Amino acid sequence: MSDNRLSPVLDPHALAKELSGKLLIDGALVPAASGKAFPIHNPATGERIGEAAEGDAADVDKAVQSATKAQKAWAKVAPRERGKLIGDCARLLQDHIEELARLIALESGKAIRTESRVEAGVFADVFQFYSGLGSEIKGETVPFKPGMLTLTQREPIGVVGAIIPWNVPLLLMALKVAPALVAGNTIVVKSAEETPFTVLRAAQIMNQILPPGIFNLISGDGPTCGAPLVSHKDVRKVTFTGSVETGKIIARTAAEKLIPVTLELGGKSPMIVMGDADLDKAVDGAVVGMRFTRQGQSCTAASRIFVQDAIHDEFVKRLKGKVDAMTMGDPLDEATDIGCIISQQQFDKVRSYIKIGEQSAGVTTLRCSAMPSDGKLSRGLFVQPVIFTGVSNDNRVAREEIFGPVTCIIRFTDYEEAIQQANDTEYGLSATIWTKDLKLAMDATQRLEAGVVQVNQNLVVQANMSYGGIKSSGLGKEASLESMLEHFTQKKTIIINLG
Ligand code: NAI
Ligand code: MG
């Protein structure tokens with residue numbers, strides 16, 4: 001590696017300042033055309049850590065023009081060579097994991113040990129995974145008749161517009177950028193308002209290897225920067241992760257342009273715990289599934305836990321015990337298990353749902369863990385995790401996505417009743433069942449309406465497994481070879497008359 005490569009910067013405050021007011025267009029860090037920027041705060045302290053460039057339609061146009069120009073040459077690079085470059089990026093990113101982890105902890109409030117470092121590692125790994133798939137972009141031969149050869153070929157779509165949220169920005173960006181680029185597309189990513197810096201740094205690192213214009217990154221708000229990206233005439237594919245509401249706006253624009261769109265939206269994921277389940281494993285599964293370490297800010301959060309009568313009280317007791325034992329505190333402190341909420345807007349939303357639960361008849365509120373005592377965190381957006389018991393499945397706290405550290409325990413007697421209630425939701429992202437009865441578990445895997453169903457575990461899916469929701473949880477799949485082939489290429493049929 002040449003000496004003039006960027007060295008990791010382990011002071012996230014310095015890095016946030018250095019990246020302030022910048023977009024990455026055509027391989028260079030540049031200010032927004034308007035010169036405008038908006039402040040970014042550390043949600044754990046309220047301290048201002050820098051400013052994000054406020055991109056708008058003019059910057060979108062510059063980035064899309066750069067991506068359009070670069071795409072022609074990129075599509076001609078042999079797929080395996082494109083993969084090799086992405087593999088070089090993955091290796092380089094490995095050297096920056098600690099740097100990226102600290103920066104994301106600073107800007108997002110996610111705890112460094114339990115969340116941020118893990119995400120930075122998985123980020124590099126997604127590029128590693130896709131780097132080997134360039135030569136898997138295969139077509140088919142299609143039987144026709146003697147003297148005729150018919151085949152299909154998968155081609156890049158062109159320029160991809162990607163819009164990402166703040167909860168797992170690096171990982172969700174990787175699931176879009178890696179397959180899009182390996183398949184021969186170029187990309188313009190718009191970061192979330194709350195988390196502009198870590199993804200910009202990652203793009204800057206990768207742009208040391210990629211030719212200019214292949215991977216552009218802009219920041220700005222949804223309506224003035226995201227919307228013009230979706231509607232830009234030269235953007236031929238849009239991929240989005242975020243709220244259902246914004247997903248529908250994006251899908252409408254994509255429909256006007258008749259371009260393909262992938263949507264990863266919200267969830268209200270059920271976890272069914274049968275009376276015969278291994279209780280310790282199920283309780284650990286609830287802690288992991290509910291993403292308490294991420295303050296519950298996850299689209300797959302196990303936010304409806306159906307627990308059978310016989311074990312209900314014991315399950316609740318053990319779950320509360322586990323969450324009580326977790327330490328809430330400074331996201332950059334290695335001892336911290338749980339960081340804080342991302343923004344005042346989300347903080348207010350989460351607290352309003354906690355109030356709804358508290359005021360519901362028959363609901364008991366269990367507040368877990370302890371608020372941080374450190375004075376410098378007194379203005380931080382910390383919320384004590386909440387377990388609601390005695391919740392009915394039609395309560396708003398069980399129907400609407402809270403996106404915070406709040407889970408609902410719903411007691412049930414019969415398996416049939418649990419399945420029926422688990423499916424009684426507008427969402428369909430993820431579901432789990434916990435039991436020793438394999439026949440019952442298999443039945444549940446067939447009947448639960450979700451894009452991912454797991455038995456006796458609640459892990460994050462791996463890069464080679466398709467991931468995506470049904471019902472209001474989204475359209476299309478991410479991760480896996482399938483997502484690259486189905487969502488980042490278009491098929492051409494070629495018929496050759498050999499006579
Ligand atoms: P959002 O969906 O509004 O924002 C996500 C991204 O979309 C951001 O980059 C934003 O700038 C962009 N955006 C917003 N409006 C846009 C528009 N008109 N055109 C193009 N892009 C636009 O989500 P927000 O406001 O951050 O959070 C609201 C709720 O959404 C959360 O409480 C949570 O329930 C859900 N959410 C779900 C996520 C998931 O992983 N599925 C991630 C983040 C939020
Ligand atoms: Mg929004």
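Bear in mind that the values here come from a model prediction, so they are computed numbers and not experimental data. Whatever order the structure lists ligands and atoms in, that order sets their numbers, starting from 1.
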Using distance alone, decide if ligand 1 has a nitrogen or oxygen within less than 3.5 Å of any nitrogen or oxygen in Asp221.
no
Which protein non-hydrogen atom lies closest to atom 9 (O) of ligand 1, naming both residue and atom, and how far is it?
Ile164 O, 2.9 Å
Starting from atom 38 (C) of ligand 1, find the nearest protein heavy-atom neighbour and note its residue, name and distance.
Phe403 CZ, 3.4 Å
The side chain to side chain contact (heavy atoms under 4.5 Å, CB included) partner of Ile104 among Ile112, Val199, Leu170, Thr195 is Leu170
Ring centres under 6.0 Å, that's the criterion: do Phe197 and Trp166 meet it?
no
Return yes or no for this condition: an N or O of Gly242 is under 3.5 Å from an N or O of ligand 1.
yes
Show, in sequence, the C-alpha distance, side-chain angles and deciding distance for Ile305 and Ile410, and conclude whether the side-chain contact (heavy atoms from CB on, under 4.5 Å) test is met.
CA-CA 6 Å; Ile305 308 183; Ile410 303 171; over 6 Å; no
Is atom 4 (O) of ligand 1 less than 4.0 angstrom from some protein heavy atom?
no
Residue Ala192 vicinity, atoms of ligand 1 by number, heavy atom under 4.0 Å:
9 (O)
Regarding Asn395 and Ser360, do their side chains bring together a donor and an acceptor under 3.5 Å, going by distance alone?
yes
Polar side chain donor-acceptor pair, Glu400 to Tyr353, under 3.5 angstrom:
yes
Nearest-contact summary for atom 34 (O) of ligand 1 - protein heavy atom, Å
Glu401 OE1, 2.7 Å
Could you grab the distance from atom CG of Leu19 to atom CD1 of Ile40, nearest 0.5 Å is fine?
11.5 Å
Would Lys477 pass as a cation-pi partner of Tyr467, given that its NZ or CZ must be under 6.0 Å from the six-membered ring centre and within 45 degrees of the axis?
no
Apply side-chain contact (heavy atoms from CB on, under 4.5 Å) to residues Asn167 and Lys110 and explain how you reach the verdict.
CA-CA 9 Å; Asn167 60 329; Lys110 292 196 296 184; 6.0 Å; no
When you look for heavy atoms under 4.0 Å from ligand 1, do you find them on the side chain of Ile402, its backbone, both, or neither?
neither
To which protein heavy atom is atom 19 (N) of ligand 1 closest, and what is the distance rounded to 0.1 Å?
Ala227 N, 3.5 Å
Nitrogen or oxygen atoms of Cys299 and ligand 1 under 3.5 Å apart
no
Just to confirm my output: which protein heavy-atom neighbour is closest to atom 18 (N) of ligand 1, and how far is it?
Ile249 CG2, 4.0 Å
Short list, please: which atoms of ligand 1 are under 4.0 Å from a heavy atom of Glu264?
41 (N)
Note: ligand 1 atoms sitting under 4.0 Å from heavy atoms of Gln345 are 25 (O)
Considering only the protein, which heavy-atom contact is closest to atom 30 (O) of ligand 1, and what is its distance?
Ser243 CB, 3.0 Å
With a 4.0 Å cut-off on heavy atoms, is Gly267 in contact with ligand 1?
no
Given the options Lys176, Glu478, Lys237, Thr262 meets side chain to side chain donor-acceptor pair (under 3.5 Å) only with Lys237
Using distance alone, decide if ligand 1 has a nitrogen or oxygen within less than 3.5 Å of any nitrogen or oxygen in Leu265.
yes
Any donor-acceptor pair under 3.5 Å linking the side-chain atoms of Ser466 with those of Glu482?
yes
Among all protein non-hydrogen atoms, which one is nearest to atom 27 (O) of ligand 1, and what is the separation to 0.1 Å?
Gln346 OE1, 3.6 Å
Top protein contact for atom 10 (C) of ligand 1, by heavy-atom distance
Glu193 OE1, 3.4 Å
Mark up the atoms of ligand 1 that fall under 4.0 Å of a heavy atom belonging to Pro165, in ascending order.
42 (C), 43 (C)
Under 4.0 Å, heavy atoms only, figure out whether ligand 1 is touched by the backbone of Cys225, its side chain, both or neither.
neither
Region of Lys349 engaging ligand 1 - heavy atom pairs below 4.0 Å
side chain
